[in-house]
Amino acid sequence: MSFKSLGLRTELLRAVSEQGYSKPTPIQSKGIPPVLEGRDIMGGAQTGTGKTAGFTLPLLQRLMESGQATKGKRPLRALVLTPTRELAAQVEDSIDTYGKYLPLKSMVIFGGVSIRPQIDKLRNGVDILVATPGRLLDHAGQKTIDLSNIEILVLDEADRMLDMGFIRDIRKVLALLPKQKQTLLFSATFSKEIRVLAHELLEKPALVEVARHNTAAERVTQVVHPVDKGRKRELLSWLIGSNNWKQVLVFTRTKHGANRLAKQLEGDGITSAAIHGNKSQGARTKALAGFKAGDVRVLVATDIAARGLDIDQLPHVVNFELPNVPEDYVHRIGRTGRAGNEGEAISLVCVDELKLLRDIERLLKREIPKVVMDGYEPDPSIKPEPINKGRGGQQRSSRGRSGDGNPAGKRNSGNSNNRNSGNRQSKGRSGNRRNA
Ligand code: AMP
């Protein structure tokens with residue numbers, strides 16, 4: 001199977017070959033034909049499978065075929081919704097890359113940055129918009145965007161959007177779109193909520209699945225190192241140093257924990273940066289760029305901040321702390337072993353986290369091998385303590401809560417710059433991701 005045999009136009013083939021892709025990945029070869037036919041899609045694919053190109057390439061082709069006149073202001077015809085700023089930016093990059101030989105314009109909008117330049121750019125007219133739901137609604141509220149000509153809607157990482165409490169925002173956006181449109185829904189996991197949404201949204205969708213439900217990326221080698229909580233940092237530094245790891249993504253449960261760990265690793269002589277929702281967009285972009293360029297050896301991230309990071313060939317992911325929600329483990333380890341590369345996911349697990357580990361293994365339907373490291377044997381006299389999930393945090397996820405975390409009617413539109421995006425964790429809200 002080649003990209004050409006999928007029936008893609010030459011401009012797209014040229015852009016793809018410039019990327020050095022020799023053949024389509026499974027999600028691409030299965031997903032591109034039905035999208036080109038105009039069908040709705042229910043795509044089961046983890047990150048790293050090539051799903052972005054899988055929907056972007058046929059989306060670009062469809063827009064070219066539907067060929068709206070470009071005289072005057074071009075109507076907005078395709079909308080891609082993503083859970084986080086980082087993912088939104090990356091998707092737009094991909095659209096830019098694959099569409100470089102086509103006369104289509106795209107742009108990205110998300111919160112955490114000034115809304116004015118976005119308004120100006122929208123006013124000039126774009127064909128494709130990638131957006132996080134909150135900022136999109138800000139624009140809709142200010143009537144700086146017209147969604148009435150949308151032909152194609154993509155919901156990327158829909159499971160994560162629901163996890164992050166975007167369902168109400170998503171429904172508000174849907175209400176602004178034409179009824180007649182093509183909808184592509186992608187999700188790594190298929191919870192009941194996702195199936196409900198799919199049922200409401202999609203018409204006779206083609207089911208395109210490349211990974212079994214809720215299974216971790218198969219190329220990723222997984223291991224658990226049992227270790228006492230107080231010795232995790234030491235073990236991590238030792239693992240990085242003794243194995244001479246050059247690029248490691250480390251997950252913590254809280255923003256505070258991410259900051260502290262990054263500082264401690266720096267103290268150990270390992271260049272590190274933290275990335276989480278309390279960091280400004282500039283700081284996050286800088287940290288990511290430093291990490292990608294190899295200047296920063298360790299990127300310490302919370303779940304939400306890490307969502308959507310596309311870092312090629314990331315060899316090592318370390319769970320410094322296990323996530324509260326087992327599905328997050330799958331998302332985390334999906335950061336490694338991307339698009340055909342080998343990867344290793346290491347979890348440092350203390351006695352407090354054994355229940356979380358069992359929940360993860362239940363989800364994966366297999367045990368993760370445990371390897372006790374010499375010199376880091378857990379002290380059997382240490383008793384488990386409750387896990388600190390952040391101030392007032394509670395056990396179960398935030399599903400179904402309001403889209404912006406604010407009580408109805410308490411939205412502060414003046415604060416819209418900060419309200420949106422994947423890291424919109426408002427203070428004082430309970431829920432396990434509150435502190436992410
Ligand atoms: P995604 O799952 O969309 O985040 O893509 C994961 C990575 O795979 C990205 O770095 C893409 O550039 C890369 N990729 C996408 N399609 C292909 C392909 N056909 N061959 C090789 N790499 C690809």
Side-chain angles (χ1 to χ4, degrees), residues 1-8 12-33 35-36 41-61 80-100 106 108 128 130 154-161 184-189 208-212 215-220 247 249 288-289 291-294 299 301 305-315 317 330-343 422:
M1 172 81 68
S2 66
F3 280 105
K4 195 166 177 204
S5 67
L6 291 172
L8 293 172
L12 294 171
L13 294 175
R14 192 168 156 207
V16 161
S17 93
E18 276 180 17
Q19 289 306 299
Y21 304 163
S22 51
K23 59 179 191 340
T25 65
I27 188 86
Q28 292 162 1
S29 49
K30 288 188 204 165
I32 290 175
V35 181
L36 287 178
I41 290 272
M42 172 80 177
Q46 302 182 0
T47 49
T49 53
K51 75 176 154 63
T52 314
F55 66 75
T56 301
L57 292 167
L59 178 149
L60 290 165
Q61 179 136 332
V80 183
L81 285 181
T82 74
T84 66
R85 310 166 197 193
E86 281 81 8
L87 184 59
Q90 281 171 7
V91 168
E92 208 262 334
D93 261 0
S94 298
I95 293 173
D96 226 34
T97 304
Y98 304 131
K100 70 192 272 200
S106 63
V108 61
I128 307 158
V130 186
V154 181
L155 291 173
D156 196 11
E157 309 211 342
D159 48 346
R160 181 48 59 117
M161 283 201 265
L184 320 178
L185 186 146
F186 291 89
S187 182
T189 53
V208 183
E209 226 188 307
V210 294
R212 273 178 283 131
T215 57
E218 257 152 30
R219 279 199 187 76
V220 180
Q247 204 181 32
L249 180 61
L288 185 59
F291 185 60
K292 282 189 173 182
L299 190 64
R307 188 67 176 163
L309 294 182
D310 174 19
I311 302 155
D312 283 342
Q313 304 183 358
L314 188 61
V317 167
V330 179
H331 291 304
R332 287 180 177 189
I333 73 166
R335 307 284 105 209
T336 178
R338 291 166 81 77
N341 299 303
E342 299 285 317

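In each ligand, atom 1 is the first atom listed, and ligand 1 is the first ligand listed. Every value quoted in this text rests on a predicted model; they were computed, and no experiment measured them.
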(request) Look only at the side chain of Q28 and the backbone of G50, and say whether a donor-acceptor pair between them is shorter than 3.5 Å. (result) yes
(message) Show me which atoms of ligand 1 lie under 4.0 Å from any heavy atom of T25.
(response) 17 (C), 18 (C), 19 (N)
(message) With heavy-atom distances below 4.5 Å as the criterion, would you say the side chains of V208 and M42 are in contact?
(response) no
(request) Check each heavy atom of K23 against ligand 1 and say whether those closer than 4.0 Å belong to the side chain, the backbone, both or neither. (result) backbone
(request) Please confirm whether the backbone N or O of T82 pairs with a side-chain atom of D156, one donor and one acceptor, at under 3.5 Å? (result) no
(request) Ignoring angles and geometry beyond distance, decide whether S22 reaches within less than 3.5 Å of ligand 1 through its nitrogen or oxygen atoms. (result) no
(message) Main chain of V16, side chain of Q19: is a donor-acceptor contact present, judged purely on distance under 3.5 Å?
(response) no
(message) Assess whether a salt bridge exists between E209 and K30, defined as any Lys/Arg side-chain N lying under 4.0 Å from an Asp/Glu carboxylate O.
(response) no
(message) Under a 4.0 angstrom heavy-atom cut-off, which atoms of ligand 1 come close to T49?
(response) 2 (O)
(request) Would you confirm whether T25, through its side chain, and T49, through its main-chain N or O, come within 3.5 Å as a donor-acceptor pair? (result) yes
(request) Show which atoms of ligand 1 fall inside a sub-4.0 Å distance from at least one heavy-atom site of F3. (result) 19 (N)
(request) Number the atoms of ligand 1 from 1 as they appear, then name those within less than 4.0 Å of a heavy atom of K51, with their elements. (result) 1 (P), 2 (O), 3 (O)
(message) Under 4.0 Å from a heavy atom of T52: which atoms of ligand 1 are those, numbered in the order shown and with their elements?
(response) 1 (P), 3 (O), 4 (O)
(request) Output yes when the distance from some N or O of ligand 1 to some N or O of G50 is under 3.5 Å, and no in every other case. (result) yes
